[in-house]
Every structure is written in structure tokens, then in C-alpha cells.
Visitor: 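Before I ask anything, let me first share the structure, which is written out below as C-alpha cells.
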2 protein chains.
Amino acid sequence: MLRMGKLTDYGIVLMSYIAEHRSKQHSAHMLSDAVHMPLPTVRKILKVLSAGGLLTSERGAQGGYILSGDPADISVAQIITAIEGPIALTECVSSASQCDQETHCAVQTNWNQINNAVFHALDEVKLADMLTPTLSAARPVQFYPPSYRAKAVSLQDGDQHE
Amino acid sequence: MLRMGKLTDYGIVLMSYIAEHRSKQHSAHMLSDAVHMPLPTVRKILKVLSAGGLLTSERGAQGGYILSGDPADISVAQIITAIEGPIALTECVSSASQCDQETHCAVQTNWNQINNAVFHALDEVKLADMLTPTLSAARPVQFYPPSYRAKAVSLQDGDQHE
DNA sequence: TTAAATGATACTATAATGGTATCAATTAGG
DNA sequence: CCTAATTGATACCATTATAGTATCATTTAA
């Protein structure tokens with residue numbers, strides 16, 4: 001399974017919540033209550049989201065966070081990028097290939113394209129889309145065949161615990 | 001950054017190598033030498049790839065591995081799925097939502113679409129494509145704007161070390 | 001029957017991640 | 001002007017996941 005940090009997941013939930021209540025300014029405390037996440041964690045995420053330019057913060061009493069832009073303009077890719085860093089599946093792409101594989105790594109070049117494909121997929125989904133309960137009708141969605149799921153075999157020891 | 005296990009990266013390199021030398025059968029030992037990866041690790045990956053149906057194994061002396069299918073038919077998505085498990089960015093999708101967020105998680109529904117988009121992006125890139133040094137001309141590739149890279153802010157402590 | 005190979009399982013150390021605590025800086029309001 | 005509320009920044013810890021290794025069982029060609 002392609003893994004993404006749990007904090008990023010939280011981040012998207014937070015962004016969704018804020019987008020749903022754009023009128024108000026939200027403090028970390030309020031959001032923590034509203035979305036039932038531990039306050040320190042919420043604070044950490046909000047800070048990063050703010051540093052990434054997705055949220056605008058106001059300090060001091062009665063301060064808080066608001067969306068920096070329109071939900072229709074903020075993509076999932078932007079949120080992920082803000083929290084996780086640049087979207088890339090492999091290390092070697094972002095960190096200018098310090099691996100000793102370079103010789104056999106004609107592969108590397110093509111990773112760029114893969115990463116791009118993934119990025120664009122994520123960039124097409126906007127925050128506004130996340131608010132709508134289901135948009136199945138709007139976009140042509142094809143669930144990938146269950147055979148793929150079934151074929152997965154654990155790399156780790158013993159149990160797969162899922 | 002969206003993370004993918006290093007072993008998966010290795011797996012793709014291995015598959016690429018095997019695809020480039022389809023005629024022969026390859027033992028873990030040979031591959032370990034050829035691609036300069038630790039033998040035990042190579043063995044582990046090959047086993048999983050074999051269990052996933054992407055490689056066909058033959059036991060005993062003079063045994064080894066060969067590609068199960070045509071490189072043009074094997075997608076990167078398949079390789080990733082074989083090694084990492086089903087392609088999904090969040091936990092809650094694959095493990096039938098055991099999170100306590102369900103109330104606020106209208107978001108969850110839409111993750112399916114995101115995961116799908118990513119899956120299709122990865123499924124379109126075939127192993128055969130990885131062999132060609134660059135296919136820039138063939139497919140329209142757009143590198144995402146560097147602004148996204150720049151905006152990334154570390155969630156972790158201190159340094160970003162990259 | 002031996003050697004070469006895959007299959008399976010168990011173990012360990014390192015690193016990444018999530019989570020927490022603490023203090024500094026800012027600002028509205030009494 | 002002082003207090004309380006709030007974000008900003010940094011440092012720290014514990015748990016988990018990952019990569020990597022070791023060991024033994026199984027199969028098969030020579």
C-alpha cells in the first residue's frame with residue numbers, strides 16, 4: 001500500500017472543515033473540539049498549513065485561521081505537498097540521486113513521469129470536491145479490479161493484521 | 001513527500017533488469033550481483049514478486065525467475081501492489097474505516113476517487129516504458145511547478161536534511 | 001547424493017512518525 | 001497597561017514500521 005502520513009489525512013480533514021465554515025475564523029482549540037483531534041497535533045498541522053500558504057493566520061486574542069483561497073482552487077496535491085513535502089514516490093527523485101544505483105538506474109528518469117502522473121491526479125481533485133458527499137456522477141470513476149487487492153502479499157513477518 | 005518503501009523501488013529495478021534480459025532465467029544470486037543489492041533483500045523481493053504472480057519461479061538447481069508476462073502488459077501499479085499491497089493513500093480506505101472520525105469523514109468517500117486517480121496514473125506506466133531511457137516525446141509530460149516544491153515545510157523537528 | 005536454488009519464518013537495529021511539552025511572541029479587551 | 005487568548009517555534013520521547021539479516025526447510029538437476 002502506498003502510504004501517506006496520518007497527519008496529512010488529518011490535514012485534509014481540517015482543511016475540509018474550515019472550507020465548510022469559511023465565514024468564521026477558527027482557532028486551534030475550536031478545531032480540535034470540532035474534529036476531535038488532539039489539540040497539540042491540530043496546532044502542529046495548522047502551523048504547517050499556514051506556512052505552506054494554504055491558511056492565513058492571525059495572532060493574538062481572537063486570532064485564528066482562515067482559508068487563504070477559494071476551495072475550488074486548492075487542490076489535494078497542494079495540501080499533501082504542504083504537509084509531506086514534494087510529491088514523489090521515490091527518494092532519489094527529490095534528493096538528486098545520491099544512491100549508488102545510478103549505473104543501473106535508467107529507471108530513474110522514468111520515475112519523474114510516474115511522479116508527475118500521480119501529482120496531476122492529485123492536483124485535479126480540489127478541496128471543493130471533498131465537500132460534496134459524492135461526486136461519482138460528475139467524474140468517471142473506475143474502481144480498480146479486486147484482483148489487484150487480492151494479489152498483495154505481505155513483505156513483513158507473520159501476519160498482515162488487516 | 002508521498003512515500004513508497006525502498007523495497008518497492010528495488011522491486012522495480014529488479015523487474016526492469018529481468019525484463020531487459022528476458023531470454024535467461026535469473027537466480028537471486030545473479031541478480032544480486034548484477035544490480036548490486038544485498039542478496040537476502042533480493043531474495044525477499046523476488047519471493048514476493050513471484051507470489052504476486054509477476055514472476056514465475058523454478059526451484060532446485062539451475063532454477064530461478066523469469067517474467068510471467070510481457071513487459072508491455074506489466075504495469076508499475078502491479079509491481080507496487082505486489083510489494084506494498086493495495087494502492088491507497090490513507091489507511092481508512094483499505095481497512096474498512098476503524099477510525100473514530102467517521103462522523104466528520106464525508107471526506108472518506110472521496111478518498112476512493114483520489115486513490116483511483118493515482119492507481120490509474122500508475123497503471124498506465126508499463127514495465128516496457130521503464131526500459132526506454134526517456135519517453136518524453138511519446139507522452140505529454142508536464143513537470144509540476146517548482147513553487148510546489150518550494151512551499152513544502154517540514155513537519156518534523158529541526159532540519160529537513162535534503 | 002550432493003549442491004544449487006527457492007520457500008518460509010523469525011529476529012534485530014535503525015529510522016520515521018505521531019504525539020507531547022514548553023516557552024516566546026503577538027494582540028484584543030477590560 | 002495588564003491579562004488572557006492565541007499563534008510561532010523548538011525540543012523531546014515513545015511507539016511503530018522498515019530494512020536488513022540469519023536460519024532452516026524444500027525442491028531438483030547433475
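The structure displayed is predicted, hence computed values, not measured ones. Numbers restart at 1 for each chain; the letters A, B, ... are given by sequence-line order, proteins then strands.
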Visitor: Quick one: which of dG18(C), dA19(D), dT6(C) gets closest to the side chain of Lys6(B)?
Guide: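 Between dG18(C), dA19(D), dT6(C), the one nearest the side chain of Lys6(B) would be dA19(D).
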Visitor: Mind listing the closest non-hydrogen atom pair of Lys24(A) and Ile66(A) along with its distance?
Guide: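 What the structure gives for the nearest pair is O-CG2, 3.8 Å.
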Visitor: How would you label the contact of Pro38(B) with the nucleic acid (heavy atoms, under 4.0 Å): base, sugar-phosphate, or nothing?
Guide: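 Sugar-phosphate contact only.
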Visitor: Please report, rounded to the nearest Å, how far the P atom of dT23(D) is from the CG atom of Leu39(B).
Guide: 14 Å
Visitor: Could you pick out which residue, Arg43(B) or Ser57(A), lies toward the 5' side of DNA chain D when each is mapped onto its nearest nucleotide?
Guide: Ser57(A)
Visitor: Of the nucleotides dG8(D), dT21(D), dG7(C), which has the atom closest to the Thr41(B) side chain?
Guide: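 The closest nucleotide is dT21(D).
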Visitor: How close or far is atom C1' of dA4(C) from atom CG of Leu46(B), stated in whole angstroms?
Guide: 16 Å
Visitor: Quick test: give all pairs of protein nitrogen or oxygen and nucleotides 27-30 of chain D nitrogen or oxygen below 3.5 Å, distance rounded to 0.1 Å.
Guide:
unit_1, atom_1, unit_2, atom_2, d
dT27(D), O2, Gly60(B), N, 3.4
dT28(D), O2, Ala61(B), N, 3.4

Visitor: Starting from C1' on dT26(C), measure out to OH on Tyr65(A) and report it in whole angstrom.
Guide: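 In whole Å, dT26(C) C1' lies 13 Å from Tyr65(A) OH.
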Visitor: Taking only residues two or more places apart in sequence, or in another chain, which ones meet Thr41(A) in a side chain to side chain contact (heavy atoms under 4.5 Å, CB included)?
Guide: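 Testing Thr41(A) for side chain to side chain contact (heavy atoms under 4.5 Å, CB included), a comparison that skips the adjacent residues, returns Leu7(A), Tyr10(A), Pro38(A), Ile45(A).
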Visitor: CD1 of Ile45(B) versus P of dT6(C): gap in Å, rounded?
Guide: 14 Å
Visitor: Would you tabulate the side-chain donor-acceptor contacts of residues 48-60 of chain B under 3.5 Å, counting partners in other chains and residues two or more places apart, or write 'none'?
Guide:
unit_1, atom_1, unit_2, atom_2, d
Thr56(B), OG1, Ser68(B), OG, 2.9
Glu58(B), OE1, Gln25(B), NE2, 3.1

Visitor: Please list all pairs passing the salt bridge (charged side-chain N to carboxylate O under 4.0 Å, His left out) test where one or both residues lie in residues 110-120 of chain B, with sequence neighbours left out.
Guide: none
Visitor: Which residues satisfy the side chain to side chain contact (heavy atoms under 4.5 Å, CB included) test with Ser32(B), sequence neighbours excluded?
Guide: Leu39(B), Val42(B)
Visitor: Rounded to the nearest angstrom, tell me the gap between atom CG in Leu7(B) and atom P in dT21(D).
Guide: 11 Å
Visitor: Between P on dG20(D) and CE on Met37(B), what's the gap in Å once rounded to a whole number?
Guide: 10 Å
Visitor: Provide, to the nearest angstrom, the distance between the CE atom belonging to Met4(B) and the C1' atom belonging to dT18(D).
Guide: 14 Å
Visitor: Arg3(B) side chain: which of dA16(C), dA19(D), dT20(C) is closest?
Guide: dA16(C)
Visitor: Contacts to DNA chain D from residues 22-30 of chain A, heavy-atom cutoff under 4.0 Å, which residues?
Guide: His26(A), Ser27(A), Ala28(A)
Visitor: Which residues pass the salt bridge (Lys or Arg N to Asp or Glu O under 4.0 Å) test with Arg22(B), not counting sequence neighbours?
Guide: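 Applying salt bridge (Lys or Arg N to Asp or Glu O under 4.0 Å) to Arg22(B) gives Asp70(B).
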Visitor: Quick check on dG19(C): is either OP1 or OP2 less than 4.0 Å from any side-chain nitrogen or oxygen of Tyr10(A)?
Guide: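 Affirmative; the distance criterion is met.
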Visitor: Rounded to the nearest angstrom, tell me the gap between atom NZ in Lys47(B) and atom P in dT21(D).
Guide: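 Interatomic distance, NZ of Lys47(B) to P of dT21(D): 15 Å.
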Visitor: Search all heavy atoms of Ser16(A) against all heavy atoms of Met130(A) and return the closest pair with its distance.
Guide: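 Scanning both residues, the minimum pair turns out to be OG-CB, 4.1 Å.
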Visitor: Who are the ring pair (Phe, Tyr, Trp, His ring centres under 6.0 Å) partners of His21(B), not counting sequence neighbours?
Guide: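 Partners of His21(B) under the ring pair (Phe, Tyr, Trp, His ring centres under 6.0 Å) test: Tyr17(B).
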Visitor: Would you please name every residue forming a side chain to side chain contact (heavy atoms under 4.5 Å, CB included) with Ala117(A), sequence neighbours left out?
Guide: Ala121(B)
